[in-house]
Amino acid sequence: MTVRTRVAPSPTGDPHVGTAYTALFNYCFARKSGGQFLLRIEDTDQARSNPRSMQAILDSLHWLGLEWDEGPDVGGDYGPYQQSLRTDIYRQHADQLLEQGHAFRCYCTPERLADLRSQQKASVRTGYDGHCLNLSPAERAELESAGTAFVIRLRVPDEGICRVEDLLRGGIEIDWRSVDMQILVKQDSMPTYHLANVVDDHLMRISHVIRGEEWISSAPKHILLYNYFGWTPPSFCHMPLLRNPDKSKLSKRRNPTSILYYQRMGFLPETLLNYLGLMAWSMPDGEEKFPLDAMVDQFDLTRISLGGPVFDTKKLTWLNGRWIREALTDEQFAGRVESWALNRDYLMKIVPLVKERVSVLSELGTLASFFVSGDLNLTAEDFQDRKVPIEVIRKSFKRVLEELETLGDWNKDAIAEMFKKSAEASEIKLRDYLRPFYVAVAGSSKSTPLFDSMEILGKDLCRVRLRDALRLVG
């Protein structure tokens with residue numbers, strides 16, 4: 001059997017370090033086994049998916065050095081490798097499930113489903129109750145003739161045990177009564193992750209599915225689909241989740257999670273891959289610093305540890321220092337600095353903001369240094385403001401950090417609208433309200449336009465700086 005693995009991110013935001021973590025282990029297993037590694041873009045969530053995020057995924061994984069054998073940008077025999085281009089394939093398979101009685105049309109309204117969830121709060125069994133399974137032929141015909149909107153749901157056994165064989169954990173037994181009648185096709189005719197994932201993995205001949213342990217609870221639905229279609233399931237391997245230092249699930253609220261953040265901060269791609277490898281694996285000799293090819297050469301699934309790996313940026317920074325000192329010659333170091341600090345694409349975003357504000361080029365250092373800095377080395381005194389009391393600044397930082405979590409598009413217009421609403425809620429003039437944010441983000445109340453600067457810096461870096469500022473005033 002030829003080993004074929006894949007990573008399948010969704011283009012709904014900045015590329016996540018969790019994607020790189022999963023991609024790394026799929027890559028190493030495929031390369032060690034002499035197989036193929038695939039990239040597939042899972043963009044069936046049309047409301048949240050966007051081309052910019054897709055390109056960021058491709059660019060960031062290329063930057064890390066995780067090259068794939070098949071994918072949307074390189075092609076392959078089993079494409080297209082973008083799910084939004086495969087809707088006819090999913091529709092055919094959904095129709096097959098309906099014809100065979102393994103799936104059913106559900107006409108329940110959002111209001112009925114909300115009432116059901118409310119009633120089930122104190123219940124042992126939650127999830128869809130199978131209401132539309134019991135409709136009479138006449139009721140179904142009436143709903144269909146009226147053009148009533150529907151979704152397609154998976155038919156699930158109401159008793160018994162599903163056994164999930166996991167390469168790291170052995171047999172995992174899950175009661176079918178805890179498995180929901182999953183929606184397979186949404187009202188907009190787009191498939192959900194579960195149907196598209198199984199169909200694609202089979203048609204693309206994926207032999208091993210290596211993914212995060214959060215998908216263990218979904219494995220019975222996937223196994224059921226494989227059985228309904230008469231296909232042999234791939235081997236499953238569920239990786240331990242990355243954790244914050246407090247052992248909670250890695251979250252952008254507490255830790256920078258975007259690959260782009262670490263690239264912009266000046267971490268070496270070799271270091272980030274090395275550190276992600278350490279999250280759940282170790283070299284036989286215990287050496288913590290190792291390149292990708294050495295990890296591939298020594299890779300063995302049995303060396304994966306199931307303990308909750310802690311993603312600690314302090315340890316990552318220490319490891320990055322080792323890589324800089326031990327792996328780069330002076331000339332190589334200079335080349336890395338040049339490509340990082342003088343990255344033309346990044347520089348061209350900054351130029352329009354600084355060009356009209358300098359008289360000599362030497363003024364750029366003071367004006368634009370925050371664009372290439374990590375820690376701004378601020379103190380609580382930097383936030384003393386005659387017009388805005390410190391307690392108001394503290395509340396403003398908290399409010400904006402909360403609003404950042406729900407901000408969909410990261411662009412200057414969306415950022416400006418967020419700040420205007422926040423200032424209005426605080427009953428403070430926008431100019432006065434923004435002053436401490438200039439300090440938190442740019443290190444000075446006199447800087448390039450805040451909203452433009454935040455768009456260029458990116459959400460993760462802005463979030464980190466605002467959290468640091470909140471700690472100083474808290």
Side-chain angles (χ1 to χ4, degrees), residues 9-17 19 41 43 45-60 84 251-265 345-354 356-357 368 370-371 373 376 388 392-445 447-470:
S10 298
T12 55
D14 283 352
H16 198 283
V17 290
T19 296
I41 298 296
D43 60 345
D45 187 345
Q46 292 290 282
R48 297 175 61 221
S49 298
N50 64 81
R52 182 178 176 182
S53 291
M54 175 175 164
Q55 190 60 51
I57 289 170
L58 300 177
D59 292 344
S60 62
S84 60
S251 164
K252 59 188 177 183
R253 288 176 177 265
R254 302 187 184 186
N255 240 335
T257 58
S258 170
I259 300 172
L260 302 179
Y261 167 84
Y262 294 97
Q263 182 181 18
R264 188 60 249 153
M265 285 291 288
D345 290 340
Y346 188 64
L347 191 61
M348 288 306 297
K349 295 177 183 178
I350 301 170
V351 165
L353 305 185
V354 299
E356 303 300 323
R357 291 174 170 79
F370 74 94
F371 282 112
S373 298
L376 298 179
V388 184
V392 175
I393 294 175
R394 185 184 307 118
K395 290 180 181 178
S396 299
F397 284 158
K398 287 182 179 178
R399 180 184 295 113
V400 169
L401 277 167
E402 290 174 357
E403 291 175 353
L404 281 182
E405 303 306 325
T406 59
L407 190 65
D409 295 326
W410 186 257
N411 58 61
K412 63 181 181 181
D413 294 333
I415 296 168
E417 186 64 24
M418 176 193 68
F419 272 109
K420 288 174 184 176
K421 290 181 179 178
S422 188
E424 289 172 2
S426 301
E427 299 182 342
I428 301 174
K429 290 182 179 179
L430 182 62
R431 181 176 180 178
D432 295 334
Y433 187 81
L434 293 180
R435 195 157 41 243
F437 287 94
Y438 270 97
V439 176
V441 172
S444 170
S445 59
S447 180
T448 54
L450 179 64
F451 310 142
D452 300 75
S453 301
M454 290 182 69
E455 178 180 346
I456 292 170
L457 288 169
K459 185 184 285 190
D460 255 354
L461 185 50
C462 290
R463 187 188 285 114
V464 167
R465 290 185 178 177
L466 288 176
R467 282 200 298 257
D468 288 343
L470 178 58

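All residue numbers refer to positions in the sequence shown, counting from 1. Reckoned from all heavy atoms, side chains included, excluding hydrogens, waters and symmetry mates.
Side chains of I350 and I456 form a contact here, defined as non-hydrogen atoms less than 4.5 Å apart. Side-chain contact between P256 and L461 is absent, with no heavy-atom pair separated by less than 4.5 Å. Contact annotation: the side chain of L353 approaches that of F371 to within less than 4.5 Å [non-hydrogen atoms, C-beta and beyond]. Between L466 and L470 the shortest side-chain heavy-atom distance does not fall below 4.5 Å. Between S258 and K459, every side-chain heavy-atom pair lies at or beyond the 4.5 Å cut-off. The shortest side-chain heavy-atom distance between D460 and R264 does not fall under the 4.5 Å cut-off. A heavy-atom distance below 4.5 Å is not found between the side chains of F437 and M454.
To the nearest 0.5 Å, the span separating CD1 on I415 from OG on S453 amounts to 9.5 Å. Of the inter-residue distances, the one linking T448 atom OG1 with F370 atom CZ reads 3.5 Å to the nearest 0.5 angstrom. To the nearest 0.5 angstrom, L450 atom CG is 6.0 Å from L434 atom CG. Rounded to the nearest 0.5 angstrom, H16 NE2 and S60 OG are separated by 12.0 Å. Separating the CZ atom in F451 from the CZ atom in F419 is a distance of 6.5 Å, to the nearest 0.5 Å. Atoms CG and CE, on D59 and M54 in that order, are 10.5 Å from each other to the nearest 0.5 Å.
Not counting sequence neighbours, Y261 has no partner by the side chain to side chain donor-acceptor pair (under 3.5 Å) test. Under the side chain to side chain donor-acceptor pair (under 3.5 Å) criterion, K412 pairs with D452, not counting sequence neighbours. Listed by chain and residue number, nothing satisfies the side chain to side chain donor-acceptor pair (under 3.5 Å) test with S10 (two or more places apart in sequence, or in another chain). By the side chain to side chain donor-acceptor pair (under 3.5 Å) test, S49 pairs with no residue at all, sequence neighbours left out.
At distances below 3.5 Å, at least one donor-acceptor pair connects side-chain atoms of R465 with backbone N or O atoms of V441.
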Between side-chain atoms of residues 398-405 and protein atoms elsewhere (two or more places apart, or another chain), which donor-acceptor pairs fall under 3.5 Å?
unit_1 : atom_1 : unit_2 : atom_2 : d
R399   : NH1    : S426   : OG     : 2.6
E405   : OE2    : R463   : NE     : 3.1

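Heavy atoms of other residues, nucleotides or ligands lying less than 6.0 angstrom from CZ of R52 number 12 at most.
Sequence neighbours left out, the pairs with a member in residues 433-444 that pass side chain to side chain donor-acceptor pair (under 3.5 Å) are D385-R435, S422-Y433, D432-R435.
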